[in-house]
4 protein chains.
Amino acid sequence: MEQTKERIIKSAIKLFADKGFHETKVEDIALESGVAKGTVYLYFKSKEEIMDTCLEFIFSEASKNYEIPDELNFSDSIRMVVEKNFKFVDENIDFYRMLSKGIYSTSKDTKMGRRYCERKLFEKATSSMEKIILKGINEGKIKKEVSPKYLAVTFINTIISSLIMVVNSKIKGFELNENEYKEEIINFLTGGIYEK
Amino acid sequence: MEQTKERIIKSAIKLFADKGFHETKVEDIALESGVAKGTVYLYFKSKEEIMDTCLEFIFSEASKNYEIPDELNFSDSIRMVVEKNFKFVDENIDFYRMLSKGIYSTSKDTKMGRRYCERKLFEKATSSMEKIILKGINEGKIKKEVSPKYLAVTFINTIISSLIMVVNSKIKGFELNENEYKEEIINFLTGGIYEK
Amino acid sequence: MEQTKERIIKSAIKLFADKGFHETKVEDIALESGVAKGTVYLYFKSKEEIMDTCLEFIFSEASKNYEIPDELNFSDSIRMVVEKNFKFVDENIDFYRMLSKGIYSTSKDTKMGRRYCERKLFEKATSSMEKIILKGINEGKIKKEVSPKYLAVTFINTIISSLIMVVNSKIKGFELNENEYKEEIINFLTGGIYEK
Amino acid sequence: MEQTKERIIKSAIKLFADKGFHETKVEDIALESGVAKGTVYLYFKSKEEIMDTCLEFIFSEASKNYEIPDELNFSDSIRMVVEKNFKFVDENIDFYRMLSKGIYSTSKDTKMGRRYCERKLFEKATSSMEKIILKGINEGKIKKEVSPKYLAVTFINTIISSLIMVVNSKIKGFELNENEYKEEIINFLTGGIYEK
DNA sequence: AATGAATGAGTATTCATTCAT
DNA sequence: CATGAATGAATACTCATTCAT
């Protein structure tokens with residue numbers, strides 16, 4: 001049943017987020033999903049493949065956050081991207097916890113794995129953001145001299161790292177007013193923080 | 001000898017950056033340092049302690065990037081922070097490679113370890129950046145309505161993620177003109193991208 | 001399967017008897033039991049736990065040697081205890097070889113381990129022997145002035161050390177006629193060696 | 001200096017008694033003796049040799065407990081052997097603690113090691129006891145039918161195990177009145193417990 | 001004689017993966 | 001489809017011993 005596979009994925013995401021890849025045992029995933037260890041191997045060739053499938057699943061979801069209607073203007077587009085992402089964090093906190101683990105990592109990359117998905121998502125995000133910046137230039141909000149590509153990368157990084165901040169605040173009891181912070185980010189990205 | 005300990009640290013940083021924590025074997029570190037496995041354990045109680053010492057060492061170096069003279073104005077302060085950091089990346093590429101690993105991680109944290117150092121560095125960075133932003137407000141560059149704290153966090157995140165971009169470009173052959181990108185970041189953070 | 005666990009216990013007793021605790025490797029136990037090293041750890045958390053289980057098992061068997069019907073008189077009771085024990089040695093030579101190792105030992109004790117079992121067995125043995133001595137006093141065989149408790153301890157020690165002698169004779173080619181020796185012990189304990 | 005060697009031996013006896021052979025590290029012995037690890041190896045070829053020397057030293061001391069003047073009668077000889085041994089236990093508690101460790105042992109025996117010393121001591125003890133028993137027979141205290149050899153073994157075992165009891169009582173807080181117990185043992189061995 | 005830094009062989013334990021039922 | 005007993009390769013860590021100083 002495909003339902004079983006989905007249950008395994010969900011459990012894996014939760015556990016990888018809690019304990020990281022290496023600290024999560026296949027047995028843990030099996031227990032959490034309510035199946036036997038052997039069953040996990042009916043649906044996945046290896047533990048790596050479980051991780052890869054988790055990432056593929058979540059990155060494909062995340063990429064929808066960068067689908068913005070053409071008719072929106074610069075500021076509203078920025079607002080929509082930021083709001084979609086903040087909403088997504090709320091609903092997929094485990095995913096971002098997984099991402100924010102960092103450091104004690106492995107370098108093993110697999111075809112469908114992290115790098116591939118990350119890059120796919122990143123490319124989607126920056127190309128989408130580039131269009132939004134072009135809107136800003138056309139609307140006279142942003143100077144013509146800037147490099148839309150580099151600025152897009154910068155905007156995306158700013159958004160992503162702000163999401164990580166939100167996650168950290170949720171988990172580590174950092175004090176951070178999510179809504180105020182979000183508005184500050186939007187304000188910042190739309191140039192609202194600088195005196196004319 | 002302290003020289004031996006230092007050689008081990010250097011080797012460990014390189015290897016953790018190359019292969020991540022779990023994929024790096026203690027034997028690898030010993031070989032790379034030109035000592036026997038047992039010798040590593042003369043200087044460190046465990047593999048974890050090696051990682052912790054690496055982080056402590058490098059985070060304490062990195063925190064110097066946020067020491068800015070009071071007499072500099074807003075824009076020059078921003079420029080100095082960004083330039084110091086870009087220079088530091090060039091000279092400590094292994095460290096940033098280590099940081100940019102992400103995902104397949106562990107959650108084990110030790111007292112002197114990652115969280116502690118990360119937070120210490122982050123707090124130093126944001127408090128330093130907050131002062132710079134206050135300069136910006138006093139100079140009339142930044143609106144009085146902004147939250148200096150949130151903006152500081154955002155500025156720091158923007159800088160850090162730009163550094164990660166540079167590292168990725170160096171390693172994965174991403175095409176990125178480091179200098180142009182750096183100028184774009186400075187420009188962005190000092191409000192230069194927006195039309196008056 | 002419980003059968004596998006039992007096979008492991010039997011092999012462990014044999015090996016601990018042959019080579020002692022430290023000289024017996026977990027791999028040896030696995031080989032001797034015809035299972036893989038990992039399998040041993042399915043049934044036991046650690047090598048210590050194997051030892052503890054061996055001891056628990058064998059001490060509980062040994063304690064049966066001190067179960068004597070109330071209706072037997074003093075001399076017959078002594079005879080029965082001694083004979084049961086000599087028989088037990090014959091059938092569980094490995095166990096006594098394990099006990100007689102001595103000296104190059106460890107001091108690590110675990111809850112269910114040695115001390116606990118030893119004391120339980122010793123208490124069972126002495127309390128049982130105390131009853132037999134009381135029979136001896138009641139029957140006028142033993143003087144009323146003696147301390148039944150101390151005498152019980154002494155009788156038990158005499159029996160146990162005679163068993164160790166038998167084991168040593170079996171293993172190290174000590175010349176010792178088991179039956180004659182046994183009769184001498186019974187004779188000794190029932191006062192038969194002394195002139196009236 | 002021979003003084004250093006003696007200090008090492010004393011420390012080793014104490015530590016072996018505390019923690020057993022395997023749990024005592026050569027480093028521990030060095031620390032306890034106030035010398036460097038390397039120095040230990042100036043006086044002993046190996047850790048085994050330290051143990052062997054400890055045993056040799058202590059067994060040779062212990063064998064003096066069985067040197068009894070010919071002119072003493074049976075009962076006084078028994079009393080002297082028992083009293084010497086009880087006194088020796090008091091003064092060399094570490095040695096008996098070492099002996100009473102048992103079980104988690106090793107089987108490695110070395111030339112000068114345990115078996116050799118133990119047997120030497122045991123032979124000295126039993127041959128000495130045999131003479132005492134012959135006195136008993138000559139004095140009409142013990143029946144002529146007994147086997148002096150087997151009885152000697154039994155007497156020695158009774159004494160040795162009573163010493164172990166005393167040690168255990170000292171260490172594990174067992175309640176045992178040492179003097180009463182000693183008198184009971186003497187009484188027992190001289191036939192005083194049985195009604196005529 | 002004394003030191004203690006360096007060594008590396010040796011081992012308990014873990015856990016992803018398999019496969020007979 | 002599902003199971004979970006069995007596997008064994010892989011690895012962090014220990015400690016007796018050596019030897020240059």
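Here is the naming used below: chain letters follow the sequence lines, and residue numbers restart at 1 for every chain.
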Collect all protein-nucleotide pairs involving nucleotides 12-15 of chain F in which both atoms are nitrogen or oxygen and the distance is under 3.5 Å.
unit_1 : atom_1 : unit_2 : atom_2 : d
F/dA12 : OP1    : B/K47  : NZ     : 3.3
F/dA12 : OP2    : B/V26  : N      : 3.3
F/dC13 : OP2    : B/Y41  : OH     : 2.8
F/dC13 : OP2    : B/K47  : N      : 3.1
F/dC13 : N4     : B/K37  : NZ     : 2.5
F/dC15 : OP1    : D/K25  : NZ     : 2.7

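Residues that satisfy the side-chain hydrogen bond (donor to acceptor under 3.5 Å, both in side chains) test with D/K47, not counting sequence neighbours, are absent from this structure. Legend: residues meeting side-chain hydrogen bond (donor to acceptor under 3.5 Å, both in side chains) with B/T53, ordered by chain and number and at least two apart, are absent. The side-chain hydrogen bond (donor to acceptor under 3.5 Å, both in side chains) check on D/N92 picks up nothing, with sequence neighbours excluded. Applying the side-chain hydrogen bond (donor to acceptor under 3.5 Å, both in side chains) criterion to D/E61, with sequence neighbours excluded, gives D/K64.
Listed by first residue number, the stems of DNA chain E with at least three Watson-Crick or G-U pairs below 3.5 Å are E:2-21 with F:2-21.
Comparing A/V35 and C/V40 along DNA chain F, the residue whose closest nucleotide (by nearest heavy atom) sits nearer the 5' end is A/V35.
The CD atom of D/E6 lies 11.0 Å from the OG atom of D/S11; values are rounded to the nearest 0.5 Å.
Atom NZ in B/K19 sits roughly 14 Å away from atom P in F/dA10 (whole-Å rounding). Atom-to-atom, CZ of A/F44 to P of F/dC1 comes out at 13 Å; the value is rounded to the nearest Å. The distance between atom CD1 of D/I8 and atom C1' of E/dA1, rounded to the nearest whole Å, is 12 Å. Rounded to whole Å, atom C1' of F/dG8 lies 16 Å from atom CG of C/D28. Rounded to an integer number of Å, the gap from CG of D/D52 to C1' of F/dA16 is 16 Å. Atom CE in A/M51 sits about 15 Å away from atom C1' in E/dA16, given to the nearest Å.
Remark: D/Y43 is in phosphate contact with E/dA2, judged by side-chain N or O atoms under 4.0 Å from OP1 or OP2.
Of the candidate nucleotides F/dA2, F/dA6, E/dT3, F/dA2 has the atom nearest to the side chain of A/T4.
Across D/T24 and D/L15, no two heavy atoms sit closer than the pair OG1-O, 3.2 Å. Of all heavy-atom pairs between D/I50 and D/A12, the closest is CG2-CB, 3.6 Å. Across every non-hydrogen atom of D/C54 and D/I13, the tightest pair is SG-CG1, 3.6 Å.
In this pair, B/F16 and B/F21 present their aromatic rings tilted. The plane angle is within the 30 to 60° band.
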